[in-house]
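Values in this document were obtained by computation on a predicted structure and should not be read as measured data. The figures here come from the full heavy-atom set of this structure, side chains too, leaving out hydrogens, waters and symmetry mates.
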Amino acid sequence: METNSYYSSVWAEEKDKKYLSSITSKEQIDVNKKGRYCLARWDDWEVSKCVVSPSTHEYFPYDDQYLCNVSLFFHQEPYCLITGPPYYKKWVKVKLYDDNRLIDAVTFCSGEKICTLFQEGKLGIIQMIPEITKSTCLSPVTTFRAPIDATAMHRRIHLVSWQDQLFLVQQKVGSPSIFEVWEVDFETNQFNRLLNLDGFIIFLSGRFSAATSSWLPQEKNQIYFTEGSDHDTLYAFHIGEQSLSTTKQFRVYRPPNSVPPLFARSRRPKIQHNTSTNTRSDKLKKRPSRINSKCPPVDSNICIHLSRDLQREISRYLISQEAYMNFRLVCKLWRSVAPPLRWKVVVDDDDAAPSYHQDSMWLLSLNQNDGLCTFYNPFRNFNGYMSNNDLVGCEIRYAKDGWLLVSKGKSLFLLEPSPSGKQIIHLPQKTDEYFCDIMSFSASPTNSSAWVIFGIALLNLFQVRISYLRQGNDKWTTITRDSEVPFILSSSSPVYFGEEFCVISQYGGNVGVFGFLKDGTPYWVIHQLSELYSPPIPISDACRLFLVQQDQNVLHSVVVTPQHDVHVYELDFGGNVIVKLVKEVKNWLFFTSEASSMAVCGMNVNVDNAVFLPTFNTCNDYTYYSLEDVTFKVLKDNCTDKTQQKELLNRVWIRCELTEN
């Protein structure tokens, strides 16, 4: 009896192998096992994605049978293999797109479907019900595509599912290094950009993704992710304030064979789209008010009954100029929490040394929904606001000398808001939707009649695409250049130094240089500095690198490690390339962000020899790095919380004055 059983088993295995050889020439898969013991075995297979989805099969002969379908997607193969209960005996081959590389695949609608995402934003749906058969196929989605720019390189692209909802999460190389979240709407055949995740959080790690609801205030509106092979540090990106923070390492104990808590079902969260007209003030209006039968006596000094934070929050929603100015007229305290609206660029006298005081340096952020500009002063710890309709739906790419380089879709323009009337210089449209990862310009139009705008995009590890526009030209010039060493763009903008645009690489700190010869011929060279840094720069996506021009003759690189250590290096590209660690920059302050950087000398404040980044601690107190004390310090008095910092992304440092109307 045992012999017959053995020969039956061998015959079944040979039959299965014959079936597998008919659908693929790859290494055979052991399909003789059943249930949880059905393991795929491959030697030369490059598995791109493994999707485990709930099975809709109703008959399970074994109590320990897993209720799931298994789908394998492969690198450079135009098909996938799917198997499922009750016996996991057959793999079904499903044909995919021939001419497109798979980016991601995920199950949604409670396991009824698998959505696949390919290059150029192509989508496809694999129907998993009522059961998997040889007729199971990929149904192309031809009515719309995902908003993925084929000309841009991405740090990560994920499909994320939650119950019957499907999301696209992507992060591009370059600046700003923010996450974009889009919800797929199959009813209207479009992707809707999400700017707020109300009680909804997303987890990303490697090629895996998960989503769940959370009602804890400190977890709302977050994307949690890991970087590279480091699975011990969890980073958090806040959708609303566009900030990046490092969370504490954590461990979660889970009994064997239990369902991961990330996939536990809960009620569907409410999602707020950017097309929604509801604001926080609208929600406040809908709340029923409590009316006392007897009116309390009116206190003329209302300011003493409201906290300073609440007063500042109230001023945040006074968008109109009239309401904002009326708010400032109430009392001196309200004038302090609602600074003036005017933005005046500081112009230095050529014969006088530049003067800087605590009200001349501001961190600017832009609300794309309403064009509201927020000016944060770290020395006085307060915000000023200015509404600008020209900036609705825009993105600030670079700032210098009081001018902003702004993009909106394919449109680009230079903008200088000023008390005498804003100046706008409209630039030729971009040839591609996303033709530059990072951008900058040589000088403002008010300071130079021969300004140049420069942009660069990463095509692959050894090739970049450069676009530039000279003053007076009616179209962009685009060239492609090869790099002799791998060159990965960081998220910091280029710096114009010595009539050249300098770009720092994310890996190794190498610096690429773009300029023009005397005859106008453009050139691109790379200074290989990775072996000259001491201590060496960590090879990590979590490492932040910036270039700062100290004066006309000195260029520095600023490196922020994942451990929150900051190193400043002086770079010399003379006859012998020199990289020197700088331990102090007396009387200087370095201001760095993704879209701007500058060095300021002799600023009339109580801090020097420091690096100012757009960083805050968990108490929302501004933090800066002291080169003298070799640590992050809090600018606020009597504050000792220096841990768990967050960096505000998509911000720029500008030198200007907010003046009265």
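Checked by atom type and distance alone, the side chain of Tyr398 never pairs as donor or acceptor with a backbone atom of Ile438 at under 3.5 Å. Panel note: side chain Lys408, backbone Val392; a donor-acceptor pair is recorded below 3.5 Å. Checked by atom type and distance alone, the side chain of Ser596 pairs as donor or acceptor with a backbone atom of Trp653 at under 3.5 Å. A donor-acceptor pair is defined here as one N or O able to donate and one able to accept, closer than 3.5 Å; no such pair exists between the side chain of Thr226 and the backbone of Leu234. For Arg101 (side chain) and Phe118 (main-chain N/O), no donor-acceptor pair under 3.5 Å exists by modelled atom type. For Ser593 (side chain) and Asn650 (main-chain N/O), no donor-acceptor pair under 3.5 Å exists by modelled atom type. A distance-only check finds a donor-acceptor pair linking the side chain of His238 to the backbone of Gly240 [under 3.5 Å]. With hydrogens and angles disregarded, a donor-acceptor distance shorter than 3.5 Å links the side chain of Gln171 to the backbone of Ser177. At least one donor-acceptor pair under 3.5 Å links the side chain of Asn617 to the backbone N or O of Asp621. Between the side chain of Arg544 and the backbone N or O of Ser491, no donor-acceptor pair lies under 3.5 Å.
Salt-bridge check for Lys49 with Asp104: passed, with a basic side-chain N closer than 4.0 Å to an acidic carboxylate O. A salt bridge is absent between Arg397 and Glu594: the closest approach of a Lys/Arg side-chain nitrogen to an acidic carboxylate oxygen does not fall below 4.0 angstrom.
Phe200 and Phe167 have their aromatic ring centers within a separation under 6.0 angstrom.
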Chi angles and distances behind the side-chain contact (heavy atoms from CB on, under 4.5 Å) call for Ser492, Ile504:
CA-CA 8 Å; Ser492 61; Ile504 191 166; 3.6 Å; yes
From CA spacing to verdict: side-chain contact (heavy atoms from CB on, under 4.5 Å), Val92, Thr83
CA-CA 6 Å; Val92 175; Thr83 187; over 6 Å; no
For Ser493 and Ser175: C-alpha separation, side-chain torsions, deciding distance, then whether side-chain hydrogen bond (donor to acceptor under 3.5 Å, both in side chains) applies.
CA-CA 7 Å; Ser493 297; Ser175 174; 4.6 Å; no
With side-chain hydrogen bond (donor to acceptor under 3.5 Å, both in side chains) as the test, would you mind laying out the steps for Glu183 and Gln165 before giving the verdict?
CA-CA 7 Å; Glu183 184 181 16; Gln165 294 173 282; 3.2 Å; yes
Quick one: do Val406 and Leu391 satisfy side-chain contact (heavy atoms from CB on, under 4.5 Å)? Show the steps, please.
CA-CA 8 Å; Val406 181; Leu391 295 176; 4.0 Å; yes
Run the side-chain contact (heavy atoms from CB on, under 4.5 Å) check on Lys172 and Arg155 step by step: do they pass?
CA-CA 5 Å; Lys172 296 174 182 176; Arg155 296 184 186 276; over 6 Å; no
Audit row: Phe191, Phe186, ring pair (Phe, Tyr, Trp, His ring centres under 6.0 Å) steps and yes/no:
CA-CA 9 Å; Phe191 281 77; Phe186 288 101; 8.0 Å; no
After noting the C-alpha distance and the side-chain angles of Tyr79 and Phe74, does the key distance pass the ring pair (Phe, Tyr, Trp, His ring centres under 6.0 Å) rule?
CA-CA 7 Å; Tyr79 63 84; Phe74 308 94; 5.7 Å; yes
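Side chains of Leu648 and Tyr376 form no contact here, defined as non-hydrogen atoms less than 4.5 Å apart. A 4.5 Å side-chain heavy-atom check between Pro176 and Glu395 finds at least one atom pair inside the cut-off. Considering only heavy atoms from C-beta on, Leu117 stays 4.5 Å or farther from Leu102 through its side chain. A 4.5 Å side-chain heavy-atom check between Thr142 and Lys122 finds every atom pair outside the cut-off. In this structure the side chain of Leu81 never reaches within 4.5 angstrom of the side chain of Ser71, judged on heavy atoms. Phe487 has its side chain out of reach of Gln506: every pair of non-hydrogen atoms, C-beta onward, lies at least 4.5 Å apart. For the pair Asp164 and Ser110, the minimum side-chain heavy-atom distance is 4.5 Å or more.
Residue Tyr624 forms a ring pair (Phe, Tyr, Trp, His ring centres under 6.0 Å) with just one option from Phe590, Phe612, Phe591, and that option is Phe612. For the side-chain contact (heavy atoms from CB on, under 4.5 Å) with Ser243, the lone residue among Arg651, Lys646, Gln222 that qualifies is Lys646.
Here CZ of Phe179 is found 14.5 Å from CG of Leu194. Values are rounded to the nearest 0.5 Å. Rounded to the nearest 0.5 angstrom, Thr107 OG1 and Leu166 CG are separated by 10.0 Å. For the atom pair CD of Gln127 and CD1 of Ile125, the computed distance is 8.5 Å after rounding to the nearest 0.5 Å. Distance check: Asn221 CG to Ile239 CD1 gives 6.5 Å after rounding to the nearest 0.5 Å. In this structure, Met153 CE and Asn460 CG are separated by 7.0 Å, a value rounded to the nearest 0.5 Å. Here the straight-line distance linking atom CZ of Phe616 with atom CG of Leu635 works out to 10.0 Å at 0.5 Å rounding.
In this view, Asp390 and Lys422 satisfy the salt bridge (Lys or Arg N to Asp or Glu O under 4.0 Å) rule, not counting sequence neighbours.
Environment of NZ in Lys113: sparse, with no more than 12 heavy atoms of neighbouring residues, nucleotides or ligands closer than 6.0 Å.
Side-chain contact check for Ser597 and Thr592: no donor-acceptor pair (N or O, by modelled atom type) lies under 3.5 Å.
Using a 30° and 60° split on the angle between ring planes, Phe375 and Trp362 fall in the perpendicular class, above 60°.
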